[in-house]
A.B. asks: 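Mind having a look at this structure? Questions to follow.
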Amino acid sequence: MAVDMNMPILIIDDYKTMLRIIRNLLKQLGFDNVDEATDGSAALAKMRTRQYGLVISDWNMEPMTGYQLLQEVRADEALKATPFIMITAESKTDNVIAAKKAGVNNYIVKPFNAATLKTKMAAVLGDF
Amino acid sequence: MSSDTEVVSLRNEIASLHKDCRDLVQFIVNARSEISQIKPTDLKKDKLPRAGKELDAIVQATELATNSIMEATERIMEAKVTEPDVVNDACMEIFEACSFQDITGQRISKVVSTLEYIEDHLDKLSSAWGHEENAEGAPTPEPEGETALLNGPALAGEGVDQDYVDSMFDEAPAEEASSDDKKKEKKAEKSASEDLPSGESINQDDIDALFN
């Protein structure tokens with residue numbers, strides 16, 4: 001099935017610079033419908049008011065981390081099917097394994113480039 | 001063994017023990033002296049907080065610079081150009097490179113946490129050795145000559161800005177400067193004299209292997 005290029009995407013990072021970078025990279029990849037949040041709890045609140053086609057989240061945020069957000073999403077019947085990609089500087093094996101066990105669809109290590117983002121999105125959503 | 005021999009042996013042991021105790025006392029005296037040279041109060045009150053502020057300032061400065069770069073890049077992307085693909089690719093590379101700000105910010109935050117840890121433990125060490133707040137050893141000598149002028153960039157609220165420097169050149173000669181100007185100069189001089197003193201990481205390919 002073709003990827004809906006107008007689907008809403010939620011990006012979450014406590015660094016505004018990073019939100020801006022991801023938003024621009026997504027725009028370059030053809031995705032313009034992007035919402036932002038600066039931590040897991042704000043993201044969760046947004047997810048309960050709007051259905052997103054993809055969530056791209058940082059890990060290390062306060063008060064709710066990206067990992068906690070992922071657990072909340074996967075435990076919520078209405079949200080559990082949402083594709084979830086983690087983009088983080090946490091690059092230890094234990095982190096990746098924990099995220100995978102919690103149900104993350106893919107994992108990108110910072111710093112990353114547009115090609116990596118596109119490849120991982122295609123792996124999760126299908127080619128676009 | 002005769003009793004005389006036993007007594008001599010015992011005396012030798014006591015003498016050795018006595019020497020060990022004196023050495024231990026001397027060691028403690030030396031250690032205490034060395035610890036007092038660390039000047040924990042000086043580090044805790046001045047140098048470590050200053051180092052933390054410098055690191056915070058680095059994060060803010062890189063964030064400002066990164067945002068300026070990105071704003072300019074966004075304007076370029078919106079502009080009409082003859083080779084849009086070339087421009088877009090170059091702009092993408094600029095955005096990718098700008099993610100350094102996030103990474104450096106996180107690394108610096110870890111260093112700030114380490115400084116706070118050292119500060120906390122110096123405080124405990126200071127208390128354990130009975131140091132009082134103002135009972136420092138010899139005061140740190142004030143830097144002199146050019147050394148006193150070499151302190152790197154000032155933090156926000158310190159030093160003077162370019163407008164003020166310009167005004168110093170536009171207005172009357174230094175010796176005729178107003179008392180308000182002199183106060184500002186002293187503030188600038190004061191600020192200029194403050195001394196500054198589980199698991200393995202894996203790469204993207206390894207992570208990809210976990211998802212394939």
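Proteins get letters first, then strands, A, B, ... in listed order; numbering begins at 1 in each.
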A.B. asks: With only heavy atoms counted, which part of A/Leu117 is less than 4.5 Å from chain B, the side chain, the backbone, both or neither?
C.D. replies: neither
A.B. asks: Please check: side-chain N/O of B/Gln204 versus main-chain N/O of A/Tyr107, any donor-acceptor pairing under 3.5 Å?
C.D. replies: yes
A.B. asks: Hey, could you give me the NZ/CG distance between A/Lys110 and B/Asp102, rounded to the nearest 0.5 Å?
C.D. replies: 3.5 Å
A.B. asks: May I ask you to check whether over 12 heavy atoms, not counting those of B/Glu71, lie within 6.0 Å of atom CD?
C.D. replies: yes
A.B. asks: Could you list which of residues 8-32 of chain A have a heavy atom closer than 4.5 Å to any heavy atom of chain B, in residue-number order?
C.D. replies: A/Asp13, A/Tyr15, A/Thr17, A/Met18, A/Arg20, A/Ile21, A/Asn24, A/Leu25, A/Lys27, A/Gln28
A.B. asks: Counting heavy-atom pairs under 4.5 Å with chain A, which one of B/Gln101, B/Glu63, B/Met77 comes out on top?
C.D. replies: B/Gln101
A.B. asks: Carefully, step by step, assess B/Phe211 and A/Val96 under the rule side chain to side chain contact (heavy atoms under 4.5 Å, CB included).
C.D. replies: CA-CA 10 Å; B/Phe211 286 87; A/Val96 185; 4.0 Å; yes
A.B. asks: Report which part of B/Ile103 has an atom under 4.5 Å of a heavy atom belonging to chain A: side chain, backbone, both, or neither.
C.D. replies: side chain
A.B. asks: Would you mind checking which part of B/Asp206 comes under 4.5 Å of any heavy atom in chain A, side chain (CB onward), backbone (N, CA, C, O), both or neither?
C.D. replies: neither
A.B. asks: Taking B/Gln106 for the side chain and A/Ala89 for the main chain, is one N or O donor matched with an acceptor at less than 3.5 Å?
C.D. replies: no
A.B. asks: Tell me if the NZ atom of B/Lys53 is crowded by more than 12 foreign heavy atoms within 6.0 Å.
C.D. replies: no
A.B. asks: I need the residue from B/Leu210, B/Thr73, B/Asn203, B/Thr66 with the largest number of non-hydrogen atom pairs under 4.5 Å to chain A.
C.D. replies: B/Leu210
A.B. asks: Taking the side chain as every heavy atom from C-beta outward, state whether A/Asn113 and B/Glu93 have any atom pair closer than 4.5 Å.
C.D. replies: no
A.B. asks: To the closest 0.5 Å, what do you measure between CD1 (A/Ile108) and CD1 (B/Ile207)?
C.D. replies: 9.5 Å
A.B. asks: Quick check on A/Lys46: does its NZ atom have over 12 non-hydrogen neighbours (other residues, nucleotides or ligands) under 6.0 Å away?
C.D. replies: yes
